[in-house]
Structure formats: C-alpha cells, structure tokens
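Beneath this line is the structure, given in structure tokens, with notes to follow.
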Amino acid sequence: MPPHDELRRRGARVLPPGNSRASLYVPPSPPYAVTGAGAVVTDAEGRRLVDCNNNYTSLVHGHARPEVVAAAVAAMQQGTAFGLPTEAEIDLAEALTRRFGRDLRWRFANSGTEAVMMAVRAARAHTGRDLVVRLDGAYHGTYDQVVGAREPGVPEAVRALTLAVPQDDEPALVQAFRAHGGRIAAVLVDLMPNRAGLRPLSPSFVAAVRREATASGALVIVDEVITFRLGVAGLQSAYGLAPDLTVLAKIIGGGFPVGAVGGRADVMACFDPERSEPIHWGGTFSANPVSMAAGAAAMALYDEAAVGALNASGETLRGALADAGVEVAGRGSLLRLFLDDGGTAWWDLYRAGVLVSSNGLMALSTAMTGEDLETVRAAVVAVLG
Ligand SMILES: Cc1ncc(COP(=O)(O)O)c(C=O)c1O
C-alpha cells in the first residue's frame, strides 16, 4: 500500500477521518508531511512542494531556520519546562514591547485561541460588562464565545453574549453601540480577516471602532494572530491604532506553540496575582522556555528590513497574479486565492508543486528564493489564471 494510503488507513481508525486538525482537511484526504527544510516541505509520497501554507502563516522563516533551531535546542538542553518562571519569557516580552514602541504588559499562552479567550476575559473583568462585538466571518480560534453563529455545541446563553456586525458596516456598528452600548465589554477585530476573504478593514471603519468603543467605555481588542507579520508592530501600526489589548500567536513562537496578550498596564493588571481577585492565568506550558527562545530568535531575524522585503515579495507576486487574471486578495506577505470547496484547485496546485492552505490562504517565508516565487506564480496562473 502506498505510504499515504497506509497512514490514512491507520489515521482513520484513531483520528477520523485521518488526522486531528479540521483546518487541514482537503477532500478526499490531505497528504501527510514528513520533513520541512527552508521553503520546501516533503510529503509521505516523496513529493517536494514550495510551502506557501507555512503552518497557517506561522513559519515566517520557513522550516528549520538554523538560528531558530539552535535557540530551541539550546533551550531544550537546559530543560524544557519548569515550575518556576524563566528569563526567556522576560526576553520575549521585552522584544515584543520594543517592536510596538509602547508601554505594554504581556502574558503568554500556548495558542491564539487561549490568548483570545483570556483577552475577552480581561475586557469583561476590566469593564464589568458581558457583550463582545465581533465581525461576521472572521475567525478567532475555537473559544465558544467567538466562533461562528452556526458552530455546534455552543450554548445559546453564550451565543447571546456575542454581537456580529458585517465588516466595514459602520451604521451596523453604531447601531450595536446605540442598542447595547452600556453592556459591551469589547470589540474584537482582525484588521484583515482571512476567512472573510483577507480584505483589509477600511480605515474609516477602524476609526469608528475606536471612537464607538471609547465613547461607550468598551475596549478594543485587535487579533493580530495572522497579521502581526505585516509590520514590525503588526498591521495596527498602518492604521495608527493603539488597541487596548492585542492578541498574538503563530510567528512569535518560532514554530513552537504560543499565544500572547499584550496591552495597557491598567487593563493587564487584572492578571496580576498580587491584586485582589485577579484572573488566574495558568497554563502548564505557558511561557515555556523553548517556545520563548525560538520565538525570540525568530523575531530577532524578522526586523524592519526583513518585514519590508517579505512584504515587497508579496506585493510583486500579488501584482503578477492579478495581471494574469487571478482573483487574489491580501496585503504584503499574506495572499488569498479563491478556491473551489471540492478541493480540485487545491490539488491542482499541489500537483504543480505548491502547498497552500485549504481555503487558499498563502503566507510567504523569508526562506523563499526568487525561483520558489516563480514556481508559485507559474502554478497559480496555470491553475487559476
Ligand atoms: C486571526 C486568528 N485568530 C486566532 C487564531 C487561533 O490561533 P490558534 O490556532 O493558535 O489557536 C487563528 C488561527 O488560525 C487566527 O487565524
């Protein structure tokens, strides 16, 4: 039996239909990865692909970048996790603060989902209110309070605490605040929501979010789990927005599990165990030194010059695809193609040697050469042009 079919057969028995993460599912079944090196991933059949998925945008330097691996190995050799804090979490928090250039406080988790959950908790604790406003179609992980309206298993009582408004619909936002203003704890926004089509929010809508939230005493939480790679201080800097809380994950772990909340000192004070009735921020592996060290190494290599060069590659690629008649959205190093639900285009790209996310999201990495980018361009134009 070919290696893929054998893995699929075993996987189907224990992880139906064959693996854990629903986001990786492509019909009839996704290929299994075996190794990654730089911009290339190799699957169980020995096929080599230019990786534009990069573990859903998180591997900004591609696979196994030597400096990041060295930092992780050095950390591992000194013990992978402790029942004591370590200097590594301070290092990463300082590095992130420097990038934003604002006086921020931080807490680390193991995923973006957890970080979103804790940011919402902080907003509720800070404001003493319950409602969360979010944008239709945006994905913020799997926390009950922020999943889509049709996601099964979410109690009605929880659903009722979320108000969804369409992206860029300022009247709907204003109406939500008019109707519920005194009960809204936070507006949660992704400035360029991937699952809603990877189109940046309009600056006027973002300004309205800030204005309405501030006027009503609600907080602004910006989810930069995907978009942080677009600027040294994420996409928020392009909008001149200083959110009350920012959620990060993905690239800041250097390829290891991570999530983070950063924000204003007075809001983040709710996590301070020295204050009365703090929010208990736990997590056995939160701020583990391996994720922290790998993340710090990855961030050190992703300085202003690297961010600018990667975004420029993305703009060049997007322009070339658009010129060839391909519908493509996004900004900088994040691109979004529009694929059919049946997986036909995804597989055509795969066979042409390019791995994209199942919904057509593509994230470039600093490991990509001009030749890799040309492979991507040619494949996308052949399949979708
Ligand atoms: C914008 C956004 N927020 C939050 C999350 C959740 O992050 P994680 O998968 O690390 O839980 C994701 C994951 O893709 C995301 O894209």
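Positions are given from 1 along the sequence. First listed ligand is number 1; within each ligand, the first listed atom is number 1. The basis for the numbers below is simple: all heavy atoms, side chains too, and nothing from hydrogens, waters or symmetry mates.
The residue Y56 has no part lying near ligand 1, judged by heavy-atom distances below 4.0 Å. When heavy-atom distances to ligand 1 are checked against a 4.0 Å cut-off, E114 has no atom that comes that close, whether in backbone or side chain.
In terms of N/O distances under 3.5 Å, ligand 1 is not approached by V116. Polar contact with ligand 1: absent for D190 (N/O pair, distance under 3.5 Å).
By the 6.0 Å contact criterion, CG on D323 is enclosed, its count of non-hydrogen atoms from other residues, nucleotides or ligands being greater than 12.
Using a cutoff of 4.0 Å between basic side-chain nitrogens and carboxylate oxygens, R199 and E327 are scored as salt-bridged. Ion pairing of E170 with R211 is present here, as a side-chain N (NZ or NE/NH1/NH2) and a carboxylate O approach within less than 4.0 Å.
Per-residue contacts place I226 under 4.0 angstrom from the following atoms of ligand 1 (heavy atoms of the residue considered): 16 (O). Using a 4.0 Å cut-off to heavy atoms of H140, the atoms of ligand 1 that qualify are 3 (N), 4 (C), 5 (C). Close contacts between ligand 1 and S111 involve ligand atoms 10 (O), 11 (O) [criterion: under 4.0 Å to a heavy atom].
Of the protein's non-hydrogen atoms, G112 N, 2.8 Å is the one closest to atom 10 (O) of ligand 1. At the top of the distance list for atom 3 (N) of ligand 1, counting protein heavy atoms only, stands D223 OD2, 2.6 Å.
If you check the side chains of S202 and Y239, you find no donor sitting under 3.5 Å from an acceptor. Looking only at atom types and distance, the side chain of N19 has no donor-acceptor partner in the side chain of Y25 under 3.5 Å away.
Nearest residue to atom 1 (C) of ligand 1 from Y143, Y139, F228 is Y139 (criterion: closest heavy atom).
At least one heavy atom of K250 sits less than 4.0 Å from an atom of ligand 1.
Listed by chain and residue number, nothing satisfies the salt bridge (charged side-chain N to carboxylate O under 4.0 Å, His left out) test with E87 (two or more places apart in sequence, or in another chain).
L219 and F177 fall into different hydrophobic clusters, where Ile, Leu, Val, Met, Phe, Trp and Tyr side chains are chained together by heavy-atom contacts under 4.5 Å.
Applying the ring-ring contact (aromatic ring centres under 6.0 Å, His included) rule to pairs touching residues 249-275 yields F271-W281, sequence neighbours excluded.
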